[in-house]
Amino acid sequence: MKSFRNAIRRFHDLTLVKKMWLSVTFVSLLALAAFAFVSSAQIKKLITEREGRVMVQQLENYTGSINHYFQNIQKSAQVLLYSPNIQERFSTDMSQLTGEERIRAFNDVYHSLHRMWDNLYGIDAVYLIDRYQNVFKISVENANMPTFLTGEEFARQGWYDRLGKSDGSSYWSFVRWSDTKTSILMFNAMYNKSDLSLIGHLVISVSPNVFDSFLSASNLGDGTNSIIDSSGVAYTSGGGAAAIAPYGAEELEGSKGYSFVKRDGEPHMLAYAKHGLTGWTFVHEVPQRLVLQDLQRVNGLWLALLFLSLGLIMIAAAFVLRTITTPLRKLVKLVREVERGNLSGRFNVLYKDELGKLGHAFNHMLDKLQDGIPLIREKFIRSLLERKLTPEELREFERKLDFRFEGSWYQVVLLYIREPSDESALRAAEAAIRDMELRGGMISDTLADEQYCLIFNRPEDETVSQLRGLLDHLRDGLGLRAYAFVGNGYEDVNLVKTSFEEAKTQLKYRVSERMEAEPAIFFSGGPYEHHYPESFENRLLYYMGEGDFDTCAIVMEELIDYARATPVAPPIMNSLLTVLHNELNKQLIKFGGDERRLDPDWLGKLNGRLSLEPFEKNGRDFIARLRKQLGPLVRKQVKYSPNIDKSLQLIRDRFDQPDLGVDYAARTLGLNANYFSQLFKKEVGVGFAEYVSGLRLEHAQRLLTETPFKIKEIAEKTGFADPHYFGVWFKDNTGLSPSQYRKGSVPRGDRADAPAGGGTVAIKGAVNVSG
């Protein structure tokens, strides 16, 4: 494993060209090798199937020829056995005859034997054995055969028993009648035609060499040919007979076919066919390398094509690599020039591909650097808003930016543009802010979309005068709804962050849906009322207990209107919301909703949110949480109609499918979409889409906190095909991005206990309340 990691690290350390060469080569070799292997395997399969069928066909032709030969022998044997002379002579014991009668009897028998002998070829011997153990023979074999046929060994092997139980048909077998001699013997019992008594036996001996003549005409010359008789004796052409067959039942299944075996570590292919007349199995075995000798030539051709294809791929890869690496080398050279301080270089963009886009981005970065080092400017403003600057740090920033605070009065204004009509109007507003900055006494930065921070370094009356002129231009000249939230002025630059917090508090508690009737400028320092809205609390707690969430929502909107008209101190409103969340948690515990119970650290998270977001947003978020978490538990006690029960089960089963909607559910249930939508809201208490969204949000929150799945995977598991849209939707519903939610805390600028040194993202999150 360590060596593998080292190899991977060395690969990553290579230049891009070498990595791409190695990758292309490896993938090409892998693909071509896989293709060659698969195609070779298929060709091998086709060849073996074809050769197997051919071998079986040849073997059947071979056994057909032998069958014809054996049938001729059997016919001649039947003629002999049932001829009148043989029937008459074998009815008595010819050895008891004397004189001329004995000679005549023996002559009749041998005359019949010679007549059959003359009609057959390939016969080594013919034996007639009567029931008195008299043997009559015509033979070119060893003279010991008659002794063997009448001896104890022949009887011990059970041949007479087999013949005695036969129905008169022939029985063929290989018989080892000496240590060096094996013959093919056809046994046939001889029965008296009159009383069907056993009167003798006919034994015809055929030399195994007779098979060779048939082999020469059957195209089975290559390989080894074997015959296995019904008693298990195996005869191999050129090798003689063996008492044990070399093939088992697993290799010779069925009446014919082909199979594969291993001999001395080398694979062999064998074809076999069973002979109906004799009951023998004829086997032709050949080394697989002979069968697949054509495949070796095919493999050679594949190898040549492999290298040819690899060469063509490398040529094409060289062209592609050149188009990629050449501009990359130029870009690396330009980056090194920037590191040396040379900002005059430009990347020559020729095409619109990713490299062209990268070149455009590089040129744009140079333009931004040359326009005044905006990154340093942004860092300077963030430092003013978030921490204390030493005199040396302040002077260093002023030197780098060619900017100096000349006055002794510092005041922060947060400019908020509500729902701009289009991007062009927003860009015009930013241009107006820059123009005012150029007149001196002010520096600005964009904190978030539609939200800008203006740091004034002039007396308060001059600040307000310039601010009114800017707002008049934005409202009357550009048609924008612009509002300014002004912090108190201070004489120390390190109190800029205090002025910023005051302006931020104004923005959080003043932004509402009916701001058109409000003044354009909001100042800090206004008095708050300290009356606790107990009547609203009592009503909300009552309707929560009743499970009437619609009325809860109405009361919450009345409370929001009351908070707008009467500036109740924020801690009082936060205390009220804390009481409501405590009641929600108590209700969840009461209903036994373990899986829906608030997080153990919910109180700490709640305090952070209440200190950062407007009351109207926190109040509406509470109603949404009330519906989502307590609603299902309350609705469990309500018996839904069958269609709504089915729809709720459908939502639970398919909430991770992007196409789940009212139309799909209505179509699945066989209902009209409008009727189903009204029925669902009437019984469940919320709309179909709102119910599905709540279930998806709950599932997404659980996956983010309890599993290591990536954001993209969680988006797919909660019914979102587009991870970006999932992130926007999640933030709209929770106020946090999925990554922030997974970390278990909001950005540092959004937390009540955030340290003074929060980063850029924290500032944007702290004032982004328009969404």
Side-chain angles (χ1 to χ4, degrees), residues 62-83 85-87 89-90 106-130 133-151 154 157 159-160 162-163 166 168-178 180-190 199-218 225-227 229-231 233 235-238 240-241 275-280 282:
Y62 171 53
T63 56
S65 301
I66 293 177
N67 186 63
H68 182 70
Y69 175 69
F70 282 175
Q71 284 178 343
N72 288 336
I73 293 177
Q74 283 185 311
K75 289 178 181 178
S76 299
Q78 293 298 317
V79 171
L80 173 67
L81 292 176
Y82 293 101
S83 64
N85 280 339
I86 295 299
Q87 285 284 317
R89 297 303 182 184
F90 274 73
F106 274 70
N107 285 337
D108 289 342
V109 172
Y110 278 107
H111 176 72
S112 298
L113 288 176
H114 276 287
R115 186 164 51 190
M116 188 187 76
W117 177 277
D118 293 338
N119 291 331
L120 298 175
Y121 68 93
I123 302 299
D124 286 343
V126 179
Y127 303 94
L128 272 174
I129 307 169
D130 64 13
Q133 299 296 310
N134 297 312
V135 179
F136 304 87
K137 71 169 184 174
I138 299 178
S139 174
V140 295
E141 284 186 331
N142 192 306
N144 295 327
M145 173 63 82
T147 303
F148 172 77
L149 293 175
T150 56
F154 187 76
Q157 292 181 9
W159 292 106
Y160 288 117
R162 296 175 201 171
L163 295 175
S166 68
S169 59
S170 301
Y171 186 87
W172 293 86
S173 183
F174 287 91
V175 177
R176 293 176 60 86
W177 53 276
S178 71
T180 60
K181 185 67 174 177
T182 299
S183 296
I184 302 172
L185 298 183
M186 187 204 78
F187 299 93
N188 211 312
M190 182 189 308
I199 58 176
H201 298 91
L202 170 66
V203 179
I204 299 177
S205 173
V206 181
S207 172
N209 297 329
V210 75
F211 294 123
D212 295 335
S213 61
F214 291 102
L215 283 174
S216 61
S218 62
N225 297 283
S226 304
I227 301 173
D229 70 1
S230 56
S231 61
V233 176
Y235 172 81
T236 301
S237 178
H275 189 229
L277 177 63
T278 61
W280 296 349
F282 289 77

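His68 meets the side chain to side chain contact (heavy atoms under 4.5 Å, CB included) test with Asn72; sequence neighbours excluded. Scanning for salt bridge (Lys or Arg N to Asp or Glu O under 4.0 Å) contacts around Asp130 gives an empty result, with sequence neighbours left out. Applying the side-chain hydrogen bond (donor to acceptor under 3.5 Å, both in side chains) rule to Asn107 yields no partners; only residues at least two apart in sequence or on another chain are considered.
Side-chain contact between Val206 and Ile123 is present, with heavy atoms from C-beta onward closer than 4.5 Å. Contact annotation: the side chain of Phe90 approaches that of Val109 to within less than 4.5 Å [non-hydrogen atoms, C-beta and beyond]. For the pair Leu128/Leu80, a side-chain contact is recorded, criterion being any heavy-atom separation below 4.5 Å from C-beta on.
Interatomic distance, CZ of Phe106 versus CZ of Phe136, reported as 4.0 Å (0.5 Å rounding). Between the CH2 atom of Trp117 and the NZ atom of Lys137 there is a distance of 10.5 Å, given to the nearest 0.5 Å. Remark: Ser112 OG to Asn85 CG distance equals 5.0 Å, nearest 0.5 Å. Taken from CZ in Arg115 to CD1 in Ile138, the straight-line distance is 11.5 Å, to the nearest 0.5 Å. For the atom pair Ser83 OG and Arg89 CZ, the distance stands at 11.0 Å (nearest 0.5 Å).
None of Ile204, Val79, Leu81, Ile73 except one satisfies the side-chain contact (heavy atoms from CB on, under 4.5 Å) rule with Met116; the exception is Ile204.
The aromatic rings of Trp280 and Trp172 sit perpendicular to each other, their planes meeting at more than 60°, with 30° as the lower class boundary.
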